[in-house]
Amino acid sequence: MTTVEQRPGVPESEDTAPLVSPVNSHNEWDPLEEIIVGRLDDATIPSSHPVVSCNIPPWAARFQGLAAGYKYPRRLIEPAQEELDGFVSLLGSLGVTVTRPDAVDHRQRFSTPGWTSRGFCNTCPRDSMLVIGDEIIETPMAWPCRYFETHSYRRILKDYFRRGARWTSAPKPQLTDELFEQEFRTPKKDEPMRYILTEFEPVFDAADFVRAGRDLFVTRSNVTNAMGIEWLRRHLGPGYRIHEIESRCRTPMHIDTTFLVLAPGKALVNPEYIDVDRLPPVLDSWDILVAPEPEPVKDLVLRTTSMCGKWLSMNILMVDEKRVIAERHHTGMLRALEGWGFEPIPCDLMHYAPFGGSFHCATLDVRRRGTLESYFD
């Protein structure tokens, strides 16, 4: 006769009940039920490192070089916080459960045997964690200032794990000089593509991947190397396929301003970074939606402190197959989404750009109502 040993301190009825994971997300469009939204508390300007400066616009790189390690000024924090609060309220009004990381002091200095750094912020959970089904994977990020970023999410991760989720951490990288090309310079348009990362060890940001059930799409970038892509491919195993999207961006970092899957059969592409004739053949049967030219940002402070390029207009969040949260300022994108059959929900998050992104970057969709499917032959 088989017996079940009861866990100490847990009521018998709870102990024998099957765990239902609170984590369940297979794609970018199933109906959204729970999401993690980042925080601005104690956001700190990234510590100086070539892998940071090569990935952000020139004006922001100069600002970052001068102020590295200091907290962001209130002039940037306050309007971003007001917009973030409005975004969180909007999600709540749509029936979405919102979870937030702990506030931590990102200016604290930390070290490994090879280097020292201060932190950055936890504004963008999309970068440090990847949700595949009922599993959350902590990613091996290449920026030293982000080495311990997921610690501010540990309370959430432990809660999800206790309730049945799978929790994995990719190999923690050393981030020593061997990982970075010492004489790196950004390639010009007429030069072959090159990256600051070597293949010394696997590194990747989760935001370089988007999910479409059993198929994932990735861009190799200055924070994601080929070894990192291969680590995830082997970890996920034969039940998943990973397709590389070739980007023409000279400073690639994160796929969600380059290529997004919005619904079954519909993908959004950046016409400046993507040659639609060179997309993976698996997308041949899909509608390829070309993003309109973004509206210019007129605010001088925002233009010079944004860590993102002009195509942040593409950084949208699907609530379900039809409804999509998009930046109110980018009216061309709102009109295009409507023309493609979506129902855009305008919201403000322009002032989040100095902290690393917009709606897609600022969130991690933990649970969507749907099952694992294949959307390709």
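Owing to the predicted nature of the structure, the values given are computational and were not obtained by experimental measurement.
Side chain of Thr363 to backbone of Val37: no donor-acceptor contact under 3.5 angstrom is found. A distance-only check finds no donor-acceptor pair linking the side chain of Glu199 to the backbone of Asn225 [under 3.5 Å]. Asn24 places a side-chain N or O within 3.5 Å of a backbone atom of Arg368 that can act as its donor or acceptor partner.
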Requested in this report: For ring-ring contact (aromatic ring centres under 6.0 Å, His included), just list the numbers for Tyr147 and Phe110, CA-CA rounded to whole Å, side-chain angles, deciding distance to a tenth of an Å, and then say yes or no.
Outcome: CA-CA 9 Å; Tyr147 202 72; Phe110 54 83; 7.0 Å; no
Requested in this report: Step by step, work out the ring-ring contact (aromatic ring centres under 6.0 Å, His included) result for Phe209 and Phe204.
Outcome: CA-CA 9 Å; Phe209 295 83; Phe204 63 92; 5.7 Å; yes
Report task. Kindly determine whether Phe120 and His106 satisfy ring-ring contact (aromatic ring centres under 6.0 Å, His included), including the steps that lead there. Result -> CA-CA 6 Å; Phe120 174 33; His106 296 281; 7.9 Å; no
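Side chains of Arg241 and Ser374: no donor on one and acceptor on the other come within 3.5 Å. Checking Thr219 against Asp208 by side-chain atom types alone, a donor-acceptor pair falls below 3.5 Å. Donor-acceptor pairing under 3.5 Å is recorded for the side chains of Thr99 and Glu34. Between the side chains of Ser21 and Asp134, no donor-acceptor pair is found at a separation under 3.5 Å. Between the side chains of His360 and Glu28, a donor-acceptor pair is found at a separation under 3.5 Å.
When each of Asp365, Asp256, Asp205 is tested with Arg126 by the rule salt bridge (charged side-chain N to carboxylate O under 4.0 Å, His left out), just one qualifies, namely Asp365. Of the listed residues (Arg162, Arg155, Arg163), just one forms a side chain to side chain donor-acceptor pair (under 3.5 Å) with Asp159, and that residue is Arg163.
A salt bridge is absent between Glu138 and Lys172; no separation between the charged side-chain nitrogens and carboxylate oxygens falls under 4.0 Å.
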